[in-house]
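For the numbers below, each heavy atom of this structure counts, side chains included, while hydrogens, waters and symmetry mates do not. Order of the sequence lines sets the chain letters (A, B, ...), proteins ahead of strands, with each chain counted from 1.
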Protein chains: 2
Amino acid sequence: MGPDTQTQDLQNRMNHVRNVLRESGLKLTHQRLEILNEVCKADDHPDAETIYRSVRERMPTVSLDTVYRTLWLLLDLGLINALGPSRERVRFDANTEVHHHFVCRKCGVIHDFTSPELDGVQIPEAIRDLGQGEKMHIEVRGLCRDCLKDKASDC
Amino acid sequence: MGPDTQTQDLQNRMNHVRNVLRESGLKLTHQRLEILNEVCKADDHPDAETIYRSVRERMPTVSLDTVYRTLWLLLDLGLINALGPSRERVRFDANTEVHHHFVCRKCGVIHDFTSPELDGVQIPEAIRDLGQGEKMHIEVRGLCRDCLKDKASDC
DNA sequence: TTCCAAATAAGAATAAAACCTATTTAAGAA
DNA sequence: TTCTTAAATAGGTTTTATTCTTATTTGGAA
Ligand SMILES: [Mn+2]
Ligand SMILES: [Mn+2]
Ligand SMILES: [Zn+2]
Ligand SMILES: [Zn+2]
């Protein structure tokens, strides 16, 4: 993928986000566009502080709070992803049998599940180039039954 | 699994940990055994604070710091697992194509990878009972090339 | 029983993320 | 264009999960 294609991609991306924001009745602020631009340019999974520092080069008065708010907003809109669950503390699991987790994105409850298909999944060969794989974590995120019920009764 | 089997299981578990600690030249303190007991009894993925409160009922002078140190120790020994961000901040990813992550447990670097097998994995039916699955996160944890090299040169 | 490295308790420190509020601004209406 | 206002921001403060510091205690070997 050449630099032209990449630039084109970024343009498309920016336009798409502009549309989503507009359709959601959200304002297209300079801050949001700069932050979006930075997170789209990065391919190394930056944290909020790193994005903050980059944005500040072009926009010295931007606040860290705005960076956080904007990133959570883009996440809610499904325009970016987050690694390592936010607002969560570490939780411990003494169950060492093979099993996986369903994590509720609203209340944070974690349920175990097993699944013949997933239980059999092995660490793929492809990661040999990246390092030595030790453990695989498979996690499904969504809304638990209780939170679905709460949402339904909000009408 | 009846209550007797469960008690038996817990006993086996405790004995196993006693052996691992002894073999590693670590002390079998009352605190460690109480904390281990609590984390093994729980099946709801408790956080450190919750374990702390439970342990404190039987051992009122235990400190939160000891709970944390013990849980990280058990984790290092491979006797329990951790869910969520340990010592890590949230990181963002604007790449919305289907892909997965290799996370180095030492330096925290995150690399993308794709794998025909994993890319095809769907959210299993089994979680219907638990709620509405929205996204699947597959993550391989291990040591990256650089950290492997560092470890080798430590000799 | 004695001894000491390892472990702990208690309190202080750190830092990621959220909160508060006065001020600014995007964007629709006039 | 100017006016209007709810939404968004800046900057400072607060919260809180986790780690650090240090004086004291203790497990376990001799
Ligand atoms: Mn589990
Ligand atoms: Mn990625
Ligand atoms: Zn929930
Ligand atoms: Zn590494």
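Applying the 4.0 Å criterion to OP1 and OP2 of C/dA7, one finds that B/Arg32 has a side-chain N or O inside that range. One finds a side-chain N or O of B/Tyr68 lying less than 4.0 angstrom from the OP1 or OP2 phosphate oxygen of D/dT18. For A/Trp72, no side-chain nitrogen or oxygen approaches OP1 or OP2 of C/dA17 to under 4.0 Å. The phosphate of C/dT8 has OP1 or OP2 within less than 4.0 Å of a side-chain N or O from B/Arg69.
Atom CD of A/Glu34 and atom C1' of D/dT9 are 15 Å apart (whole Å). A straight line from CG of B/Leu71 to P of D/dT19 spans 11 Å, rounded to a whole angstrom. In this entry the distance linking CZ of A/Phe92 with P of D/dT18 reads 7 Å, nearest Å. Rounded to whole Å, the distance from CG on B/Asp47 to P on D/dT18 is 7 Å. We find that CD1 of B/Ile35 is positioned 11 Å from C1' of C/dA7, with the value rounded to whole Å. The CG atom of A/Leu75 sits 15 Å away from the C1' atom of C/dA17 (whole-angstrom rounding).
Residue A/Leu36 holds its CG atom at 8.0 Å from CG of A/Leu21, rounded to the nearest 0.5 Å. Put simply, NE2 on B/His45 and NE2 on A/His111 are 9.5 Å apart, with the number rounded to the nearest 0.5 Å.
Residues A/Lys106 and A/Asp146 have side chains not in contact (no heavy-atom distance under 4.5 Å, counting atoms from C-beta outward). At a threshold of 4.5 Å between non-hydrogen side-chain atoms, the residues A/Leu73 and A/Arg69 do not count as touching.
When each of B/Leu83, B/Thr50, B/Asp47 is checked for a side-chain contact (heavy atoms from CB on, under 4.5 Å) with A/Arg89, only B/Asp47 meets the rule.
For the segment residues 52-67 of chain B, the set of residues with a heavy atom within less than 4.0 Å of an atom of DNA chain C comprises B/Thr61, B/Val62, B/Ser63, B/Asp65, B/Thr66, in numerical order.
Take B/Glu134 and apply the salt bridge (Lys or Arg N to Asp or Glu O under 4.0 Å) test, not counting sequence neighbours, and it matches A/Arg105. Taking A/His100 as the reference, A/Phe113 meet the ring pair (Phe, Tyr, Trp, His ring centres under 6.0 Å) condition, with sequence neighbours excluded. The side-chain contact (heavy atoms from CB on, under 4.5 Å) test applied to A/Arg128 returns A/Glu125, not counting sequence neighbours.
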**Message:** Each nucleotide in nucleotides 24-30 of chain C should get exactly one letter: B, S or -. Can you fill that in based on protein heavy atoms under 4.0 Å?
**Reply:** -BBS---
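Members clustered with A/Val98: none, using a 4.5 Å side-chain heavy-atom cutoff among hydrophobic residues.
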